[in-house]
Amino acid sequence: MPEHVKIFEVGPRDGLQNQKRLIATEDKIKLVDMLSNCGFSHIETTSFVSPKWVPQMADAAAVMAGISKKGGTAYTALTPNMRGYEAAIEAGVDEVAIFGSASEGFSWKNINCSIEDSLLRFLPIIEQAKIDKCKVRGYVSCVTHCPYDGRIAPDQVIRVALRLLDMGCYEISLGDTIGAATPETTHRLISSVMNEIPGNLIAGHFHDTNNNALKNIDVCLEAGIRTFDSAVGGLGGCPYAEGAKGNVDTVAVVNMLHEMNYETGLSIEKLNKASAFARSLSES
Ligand code: HMG
Ligand code: MG
C-alpha cells in the first residue's frame, strides 16, 4: 500500500494575497470550487486580516459565503487576532490558523508586534477555539532565513513551535517564507526540530524562490514528515517579505510524490485545470 502524504492547499490564500490586481470575489470562489473537486482534505480559503494590511483578502467573508463546501474538505483561514477569529467563525470556516514568526524582524513587519506579544495575542483565539471545537493550526515563518534578520537558528524555530503546540495547535507548519532554504539548511532545521517535536505534528511550507522547494520537501520526506503546503499554479508570496516568490506548485509536488509511490488522493487532471485558472488570475 502506498503511504499517504497530505497536501494542504494554500493557493486561494497564500497564492492570491500578494497579487497586485484586486481579484474578483467570484473568481476566488470559482478557484476554491475547482480545488474542492480535486480531493483536498484542507483548502486554506482566505484570511481574516486587516484589509488595510492586505487589501486582497478584504472579501474573506464573501468568499466563504460563496463557495460550495464539499464534505471531507476543511475550509480554513488565517486569523491574526480575536477580531479575525470571530469573523472567521461567523463566516463558517472549519478551521483557523494563527501565524507567528521565528524572527523578530518579520513578526514586526507582518503583524506589527513582537514574537512574545503575538503569542499572547493568539492565546484567547486558542482558548475560544477550544470552546468552539475549532481546530487551530500554527505557522512559524522565516524558519531558516528572515528578510530582515538574516539567518535563523533552529532553536528560534523550536521555541515558537513548542509554545504554539503547548497552547493547543494541532500541527505546526514551518514556513520558508522567502524560499531561501536549501537542502542543507532544511536538513539541519528538520533534524533539530524532530529532536523535540514528532514529525506527525510538523508540516513543510516552502516558497520556491530559488527552485529548491522540491528538494527541501524530499529532505523532509526522508526525515518522516508527511504534510506539505503548496499552491496551485505556484502562485504566492507575502506582502511583508519582499522578493518572496510563490509557494511550491501543487502539481509539481503531487507529480513528484506520485512518482515516489506516495499516494495523495488528488486528481492530477483536475489539478491541472485549477492550476491553469489560478495562473490566468495572476496574469490577467
Ligand atoms: P495593527 O495596525 O497593529 O492593528 O495591525 P490595529 O488593531 O491598529 O488594526 C489596524 C486596522 O485594521 C484597524 O482599522 C482595525 O480595526 C483593523 P481602523 O481602526 O484603523 O479603521 N483590523 C482588522 N480588520 C479586519 N479584520 C481583522 C482586523 N484586525 C484589525 N482581523 C494586524 C495588526 C495583525 C491586524 C495586521 O498587522 C495584519 O492584519 N497583518 C496580517 C498580515 C498578513 O496577512 N500577512 C500575510 C500572511 S502571513 C504569510 O503569508 C506567511 C505564511 O504563508 C507562512 C510563510 O510563508 O512563512 C503564513
Ligand atoms: Mg507562505
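Bear in mind the structure is a predicted one, so any value in this text is a computation, not a measurement. Atoms within a ligand are numbered from 1 in the order they appear, just like the ligands themselves.
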Cation-pi check for Phe8 against Arg137: NZ or CZ below 6.0 Å from the six-membered ring centre and within 45 degrees of the axis, yes or no? yes
When every non-hydrogen atom of Ala278 is compared with those of Leu31, the smallest separation belongs to CB-CD1, 4.0 Å
A student checking ligand 1 against Pro80 at a 4.0 Å heavy-atom cut-off should list atoms 34 (C)
Does Lys109 pair with Asp149 as a salt bridge, N-O distance under 4.0 Å? no
Flag His207 as yes when one of its N or O atoms lies below 3.5 Å from any N or O atom of ligand 1, and as no otherwise. yes
Hey, is atom 13 (C) of ligand 1 touched by any protein heavy atom at less than 4.0 Å? no
Atom 47 (C) of ligand 1: nearest protein contact (heavy atom, Å): Gln17 OE1, 3.5 Å
Flag atom 8 (O) of ligand 1 as yes if some protein heavy-atom distance to it falls below 4.0 Å, otherwise no. no
In terms of atom number and element, which parts of ligand 1 are under 4.0 angstrom from non-hydrogen atoms of Arg121? 34 (C)
Winner among Ile111, Val49, Val10, Leu78 once heavy atoms are compared against atom 27 (C) of ligand 1: Val49
Select one of side chain, backbone, both or neither to describe which atoms of Ser141 lie under 4.0 Å from any atom of ligand 1, heavy atoms only. both
Geometry only, no angles: is Gly84 polar-contacting ligand 1 at N/O separations under 3.5 Å? yes
Any idea which of Thr177, Asp14, Asn81, Asn110 brings a heavy atom closest to atom 40 (N) of ligand 1? Asn110
Regarding atom 3 (O) of ligand 1: of the candidates Asn112, Asn18, Val54, Ile98, which has the closest heavy atom? Asn112
Any N or O of Phe48 that comes nearer than 3.5 Å to an N or O of ligand 1? yes
For Glu171 and His42, run side chain to side chain contact (heavy atoms under 4.5 Å, CB included): C-alpha distance rounded to whole Å, both residues' side-chain angles, the deciding distance at 0.1 Å, then the answer. CA-CA 13 Å; Glu171 177 174 278; His42 292 80; over 6 Å; no
So is Pro51 in contact with ligand 1, going by heavy-atom distances below 4.0 Å? yes
Provide the number and element of each atom of ligand 1 under 4.0 Å from a heavy atom of His205. 53 (O), 54 (C), 55 (C), 56 (O)
Taking the N/O/S atoms of Asp14 one by one, which is nearest to the Mg ion (ligand 2)? OD2
Please check this pair: side chain of Asn261 against backbone of Pro2, looking for a donor-acceptor N/O pair closer than 3.5 Å. no
Does atom NE2 of His258 have more than 12 heavy-atom neighbours from other groups under 6.0 Å away? yes
Check this for me: Lys69, atom NZ, are more than 12 non-hydrogen atoms of other residues, nucleotides or ligands nearer than 6.0 Å? yes
Whether Asn210 side chain and Gly179 backbone form a donor-acceptor pair below 3.5 Å: yes
Could you check whether Thr250 and Ser230, counting side-chain N and O atoms only, form a donor-acceptor pair closer than 3.5 Å? yes
When rounded to the nearest 0.5 angstrom, what distance separates CZ in Phe99 from OG in Ser118? 9.5 Å
Side-chain H-bond candidate by donor/acceptor type, Ser36 with Tyr75, under 3.5 Å: yes
Under 3.5 Å, N or O to N or O, is Tyr139 touching ligand 1 that way? no
Kindly state if atom 21 (O) of ligand 1 has a protein heavy atom within a strict 4.0 Å cut-off, that is, under 4.0 Å? yes
Identify which of Arg83, Met57, Glu44, Lys52 has a heavy atom lying nearest to atom 17 (C) of ligand 1. Arg83
Shortest non-hydrogen contact from Glu9 to Pro12? OE2-CD, 4.0 Å
What's the shortest distance from atom 5 (O) of ligand 1 to any protein heavy atom, and which residue and atom give it? Trp53 NE1, 3.4 Å
Using a cut-off of 6.0 Å, state whether more than 12 heavy atoms not belonging to Glu26 lie near its atom CD. no
What part of Arg13, side chain, backbone, both or neither, has a heavy atom within less than 4.0 angstrom of ligand 1? side chain
Glu242 CD: over 12 foreign heavy atoms closer than 6.0 Å: no
What protein heavy atom lies closest to atom 11 (C) of ligand 1? Include the residue and the distance to one decimal. Ser50 OG, 3.7 Å
Is any N or O atom of Tyr240, backbone or side chain, closer than 3.5 Å to an N or O atom of ligand 1? no
Does an N or O anywhere in Cys142 fall below 3.5 Å from an N or O of ligand 1? no
